[in-house]
Amino acid sequence: VQLQASGGGLVRRGGSLRLSCAVSGITLDHYLIGWFRQAPGHEREGVICISRSGETTYYTDSVKGRFTISRDNARNTVYLQMNGLKSEDTAVYYCAAERTTFPWYCSGVGTNVDYWGQGTQVTVSS
């Protein structure tokens, strides 16, 4: 099983990035997918999640209205569109898969994650 996160980079404040999480080895539509991030000196935090049925749950209020998550089960890929980036968004971003029988369920805690991606660095310059 592999979750390959990509799309990070250096962007100016106010800019945009689209992260991708390419999943292999599992049937994506059996899993919710969450994006987490960890900034230097901070604990990992849940950012946003997409349920099996495509519903979005935000776990970080500061990204509401700026970040959107989507999934393409046919392509085994989940996307995180990040607009209006701020310096406080600078972090390593991880995608994570958690198997669930509930189509609507999401979680931003990370304790029941089955698989983690390797992380992609997002740096927002001021």
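Distance check, rounded to the nearest 0.5 Å: SG of C95 to CD1 of I50 gives 13.0 Å. Considering CG of N73 and OG1 of T27, their distance stands at 9.5 Å, rounded to 0.5 Å. Expressed to the nearest 0.5 Å, how far OG of S70 lies from CD1 of I33 amounts to 12.0 Å. A distance of 6.0 Å separates CZ of R13 from OG of S126, quoted to the nearest 0.5 Å. Interatomic distance, E98 CD to N112 CG, rounded to the nearest 0.5 Å: 5.0 Å. In this structure, the separation between OH on Y58 and CZ on R66 is 10.0 Å, given to the nearest 0.5 Å.
Side-chain N/O atoms of S6 and Q4 include no donor and acceptor closer than 3.5 Å. Side-chain contact annotation: S53 with S51, donor-acceptor N/O pair under 3.5 Å present.
In this structure, the side chains of L19 and Y94 stay at 4.5 Å or more apart for every pair of heavy atoms. V1 has its side chain within reach of L3: a pair of non-hydrogen atoms, C-beta onward, lies under 4.5 Å apart. Looking only at side-chain heavy atoms (C-beta outward), F36 and W116 come within less than 4.5 Å of each other. Within the 4.5 Å cutoff, the side chain of T60 has heavy atoms near those of the R37 side chain.
The side chain to side chain contact (heavy atoms under 4.5 Å, CB included) test with L17 is passed by exactly one of V122, L10, T120, D89: V122.
Ionic pairing of K64 and D61 is present here: one or more N-O contacts between side-chain nitrogen and carboxylate oxygen are shorter than 4.0 angstrom.
S16 and Q81 make their closest contact through CB-NE2, 4.0 Å (heavy atoms, listed as atom of the first residue, atom of the second, distance). When all heavy atoms are compared, the tightest approach of T77 to S20 is CG2-CB, 4.2 Å. For L32 against Y105, the heavy-atom pair with the smallest separation is CD2-CD2, 3.4 Å. Across every non-hydrogen atom of W35 and V78, the tightest pair is NE1-CG1, 3.9 Å. Across Y115 and V113, no two heavy atoms sit closer than the pair O-CG1, 3.2 Å. Closest approach of V92 to Q121, counting heavy atoms only: CG2-OE1, 3.2 Å.
Linking Ile, Leu, Val, Met, Phe, Trp and Tyr whenever their side-chain heavy atoms come within less than 4.5 Å leaves M82 and Y79 in two separate clusters. There is a path of hydrophobic side-chain contacts, each under 4.5 Å, that joins L85 to I69.
Of the possible polar contacts, one joining the H42 side chain to the P40 backbone as a donor-acceptor pair under 3.5 Å is found. The backbone N or O of G7 lies less than 3.5 Å from no partner atom in the side chain of R18, so there is not a single donor-acceptor pair. Of the possible donor and acceptor atoms, one in the side chain of Q118 sits under 3.5 Å from a partner among the backbone N and O of A5.
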